[in-house]
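Take a look at the following structure, please.
Each chain gets a letter, A, B and so on, in the order the sequences are listed, and its residues count up from 1.
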Protein chains: 2
Amino acid sequence: MLTDRQLFILQIIIDDFIRSAQPVGSRNLAKKDDVSYSPATIRNEMADLEEMGFLEKTHTSSGRVPSEKGYRYYVDHLLSPGSLRRSERTAIHSVFADRQEGLEKAVQNAATILSELTSYTSIVLGPKFNDHKVKSLQIIPIDAQSAVSIIVTDTGHVENKIFSLPEGIEPADIEKMVNILNDRLTGVPLSELRQKIYKETTELMRRHLHNYEAVLHMFAEASGGSPIGKLFIGGKTNIFNQPEFRDIEKVRLVMDMMEKEHDMYELIRPTEAGVQVKIGTENAEQAMEDCSLITASYSVGDEPVGTIAILGPKRMEYSRVITLVDFLSHDMTNVLTRLYNTRT
Amino acid sequence: MLTDRQLFILQIIIDDFIRSAQPVGSRNLAKKDDVSYSPATIRNEMADLEEMGFLEKTHTSSGRVPSEKGYRYYVDHLLSPGSLRRSERTAIHSVFADRQEGLEKAVQNAATILSELTSYTSIVLGPKFNDHKVKSLQIIPIDAQSAVSIIVTDTGHVENKIFSLPEGIEPADIEKMVNILNDRLTGVPLSELRQKIYKETTELMRRHLHNYEAVLHMFAEASGGSPIGKLFIGGKTNIFNQPEFRDIEKVRLVMDMMEKEHDMYELIRPTEAGVQVKIGTENAEQAMEDCSLITASYSVGDEPVGTIAILGPKRMEYSRVITLVDFLSHDMTNVLTRLYNTRT
DNA sequence: TTTAGCACTCGAATAGAAAGAGTGCTAACA
DNA sequence: TGTTAGCACTCTTTCTATTCGAGTGCTAAA
């Protein structure tokens, strides 16, 4: 177990390193106003902390640097809860102030604001529309061979896709189909749409139409839109600010990862509720070795629908970022719940 | 005027520098099989070429490096027309082979393929939909205060936007409006849609509806969608491969620029027809100082609708890239014209 | 006109040497 | 017994000097 003094010294070392990015030595630590121990004493404690794995040295006679375990302990036990400045609060509130822009725009704004406030990289996974309910379905024929399927949800989200029409289908028939579809499928959540298309409408169609199967099938296929939200990344180049990323290869690794949508999905895929902190190799991704990731999911009602995250160096301002991410995710949850949860 | 031998030497210097990224010296040049002059002769010619501004030295006793003027001359007069490998042709053709994916997807593929083929960064400005014609208009009410406007074009492109509904509007009235809109506006190009909404429908609306102005106005506003295509960038991190971009500040400059959509639009905004080459400071953008840009627009019929571009170091493989960009832009023009120009 | 020869320049690489920051250990101290 | 002063030691960084090599420019000869 750690003594109070060790905790204090560990905390002050990490705080200092987060600020300066320089290995911290006993002499400089002792100079601080709020430290009343001699360099020698501090050296002893440092040696102990290193033995326990909380600190590391970059070489035999350098100052100490927090290890991953050190950061972990710091985040779990030593974090002084940060508070937000008024200006930060208003900035965050303003993101969702303007409903008119549409949800996507708002989510993108969230990413921008987040990266500007932190000067790290922000990642926002837009809400998935699974549980949004069908408001209206349309099939618009484009020419003899193709048509566009359009799905409007009760949240105002629109999905559309081109699909091919079978030979010799009549516009009038399509109109009938659309009527049946709307009649039967309004209110169905997107996640269930594809199955219900068949279950709910087949019989009616059979009765009133011939040759409906092919169109229905194509339509059902076109409706299986992406079940996952869109990804927005803000401040991609902020990583260039970090002194430990002077190395072009390191930057490249991270940048490459950011270009791969799939990797990013995996990275921030929500695990538990609340704010999550993943430090360095705690992230599965190789490229994240020198980075930390702070995520929080936001919800509509009790259902988590998306994630916001901050990607920065391991030497991140954990306290501030955690507060920020926590605050924004709650804000988003509140706004979205108020907006969309009136439906249930 | 330049002598034949000077041309030859200039060409061979630039070719060599493009390959090696190293300043080229007289001794090494003379060693090449196809060079039959002595180092001393070459030195004399080099001195002349430098005096004329086609070459530069990085320091007093270094080899020569092409100047911007040198590249310009090289591109304008010395380029041996490249040819494409069969595999490259098929790769390009395959981009638009699959119509079903939709235009956007295809354009994005074009960006990916371009960057993979060149290992530079590719930029593709998706087709603007200005001259696409309205196929169908919809207004779907979401709740009492808001509705979604949907515009489907004859190319299968769908635009949609949320807008607010004035108080106390009846669903039946909206339906009437939609009917009028479709009746009067089908076939109108998107670019003229906004004006025509008023010009063509006001009278009919007045006759059959009251209180239509507000909705019509909101709808018109919502229809003024972006008049410009979407931007796709492929291989953003390819710049890391270039040895002259070992400097993190240079990379940052370029990366920052790539994140700013507006700058990118400005950068590749089409000027003239055909393949354009802009070398270094010929681009207005400060960040492009050490880069070259090769652009070509593609068309539907005679109307240019979008642009493809390659962004690389000044030391770019001009010949190959020009051929590639030229080929792809023509291919896109062909495919798109065949697809969409049957309408006129 | 071309080329061989040579002195000269400059950058890159190499090797010490010195400075500076920091450590670990021992011994003295409160 | 915990704390601290002192000191030798380690390792990085910085500076300087030197050397090496690639390349140039100029002159004179072929």
Side-chain angles (χ1 to χ4, degrees), chain A residues 1-10 12-17 19-67 70 243-244 246-247, chain B residues 1-10 12-17 19-67 70 243-244 246-247:
Chain A
M1 206 37 219
L2 293 174
T3 67
D4 278 358
R5 194 169 67 188
Q6 285 173 330
L7 290 185
F8 176 70
I9 289 179
L10 178 59
I12 223 164
I13 288 175
I14 299 186
D15 280 338
D16 190 87
F17 183 70
R19 229 195 336 272
S20 71
Q22 297 297 325
V24 350
S26 56
R27 161 177 281 271
N28 275 322
L29 254 197
K31 275 197 206 121
K32 282 180 188 282
D33 285 346
D34 43 355
V35 177
S36 53
Y37 314 109
S38 76
T41 310
I42 295 174
R43 275 205 291 284
N44 284 333
E45 299 288 30
M46 278 174 153
D48 289 350
L49 286 167
E50 182 176 0
E51 207 163 289
M52 289 185 274
F54 294 109
L55 296 177
E56 288 170 350
K57 280 188 287 196
T58 59
H59 57 87
T60 7
S61 77
S62 74
R64 300 307 206 291
V65 159
S67 70
E244 57 267 62
R246 301 267 63 172
D247 179 5
Chain B
M1 208 34 222
L2 292 174
T3 68
D4 279 357
R5 194 168 66 187
Q6 286 172 330
L7 290 184
F8 176 69
I9 289 179
L10 178 59
I12 223 164
I13 288 176
I14 300 187
D15 281 338
D16 190 87
F17 183 71
R19 230 195 334 272
S20 70
Q22 298 296 326
V24 349
S26 56
R27 163 178 280 270
N28 276 321
L29 253 198
K31 274 197 208 120
K32 283 181 188 282
D33 285 347
D34 42 356
V35 176
S36 52
Y37 315 109
S38 75
T41 311
I42 294 175
R43 276 205 292 282
N44 285 332
E45 299 289 30
M46 278 174 153
D48 289 351
L49 285 167
E50 183 176 0
E51 207 162 290
M52 288 183 275
F54 295 109
L55 296 178
E56 289 170 350
K57 279 188 287 195
T58 58
H59 57 88
T60 6
S61 77
S62 73
R64 301 307 206 290
V65 159
S67 69
E244 56 267 62
R246 302 267 63 174
D247 179 5

**Message:** Does a side-chain N or O of Lys57(B) approach OP1 or OP2 of dA22(D) to a distance below 4.0 Å, or not?
**Reply:**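 False: Lys57(B) side-chain N/O out of range (4.0 Å or more) of dA22(D) OP1/OP2.
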**Side-chain heavy atoms of Asn28(A) within contact of Gln22(A), under 4.5 Å** =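 SC-SC contact between Asn28(A) and Gln22(A) ruled out.
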**Asked** Within less than 4.0 Å of OP1 or OP2 of dT23(C), is there a side-chain N or O belonging to Thr60(A)?
**Response** no
**Prompt:** Which residues, if any, of residues 3-10 of chain B bring a heavy atom under 4.0 Å of DNA chain C?
**Reply:**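 Those residues are Arg5(B).
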**Message:** Expressed as a whole number of angstroms, how long is the span from Arg64(A):CZ to dC11(D):C1'?
**Reply:** 14 Å
**Asked** Is Ser26(B) near enough to dG23(D) that one of its side-chain N or O atoms lies under 4.0 angstrom from OP1 or OP2?
**Response**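 Checking Ser26(B) against dG23(D): no side-chain N or O falls below 4.0 Å of OP1 or OP2.
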**Spacing between Leu49(A) atom CG and dG24(C) atom P, to the nearest angstrom** =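 About 12 Å, once rounded to whole Å.
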**Request:** Report yes if some heavy atom in the side chain of Leu2(A) is under 4.5 Å from a heavy atom in the side chain of Leu49(A); otherwise report no.
**Result:**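 Touching, per the 4.5 Å side-chain cut-off.
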**Asked** Can you check the Asn28(B) CG to dA22(D) P distance for me, whole Å?
**Response**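 Taking atom P of dA22(D) as the reference, CG of Asn28(B) is at 8 Å.
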**Message:** On a heavy-atom basis, which atom in Ile14(A) and which in Pro66(A) lie closest, and how many Å separate them?
**Reply:** CG1-CG, 3.8 Å
**Interatomic distance, Arg27(B) CZ vs dG25(D) P [rounded to whole Å]** =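 So the CZ-P distance, Arg27(B) to dG25(D), works out to 15 Å.
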**Prompt:** To the nearest Å, how far apart are Leu29(B) CG and dT24(D) P?
**Reply:**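 Going from Leu29(B) (CG) to dT24(D) (P), I get 9 Å.
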**Cationic N near anionic O, under 4.0 Å, Glu50(A) to Arg64(A)** = yes
**Message:** With heavy-atom distances below 4.5 Å as the criterion, would you say the side chains of Glu45(B) and Leu10(B) are in contact?
**Reply:** no
**Complete:** Separation of dT24(D) atom C1' from Leu55(B) atom CG, nearest Å, is 14 Å
**Message:** Do Phe8(A) and Val35(A) have side chains that approach each other closer than 4.5 Å (heavy atoms only, starting at C-beta)?
**Reply:** yes
**Prompt:** Hey, is the main chain of Lys57(B) close enough, under 3.5 Å, to the side chain of Ser62(B) for a donor-acceptor pair?
**Reply:** no
**Message:** Rounded to the nearest 0.5 Å, what separates atom CG in Asp48(A) from atom CD1 in Ile9(A)?
**Reply:** 9.5 Å
**Ser61(A) (side chain) and dT23(C) (base): donor-acceptor pair under 3.5 Å** = no
**Item:** Length of the line joining Asp16(B):CG and dA22(D):P, which is rounded to integer Å
**Value:** 15 Å
**Asked** Between Glu51(B) (CD) and dC26(D) (C1'), how many Å, whole number?
**Response**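 Answer to the nearest Å: 15 Å.
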**Contact list for DNA chain D against residues 31-47 of chain A - heavy-atom distance below 4.0 Å** =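 Those residues whose heavy atoms fall under 4.0 Å from DNA chain D, taken from residues 31-47 of chain A in numerical order, are Ser38(A), Ala40(A), Thr41(A), Arg43(A), Asn44(A).
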**Prompt:** Any chance CG of Asp34(B) has more than 12 other-residue heavy atoms, nucleotides or ligands included, within less than 6.0 Å?
**Reply:** yes
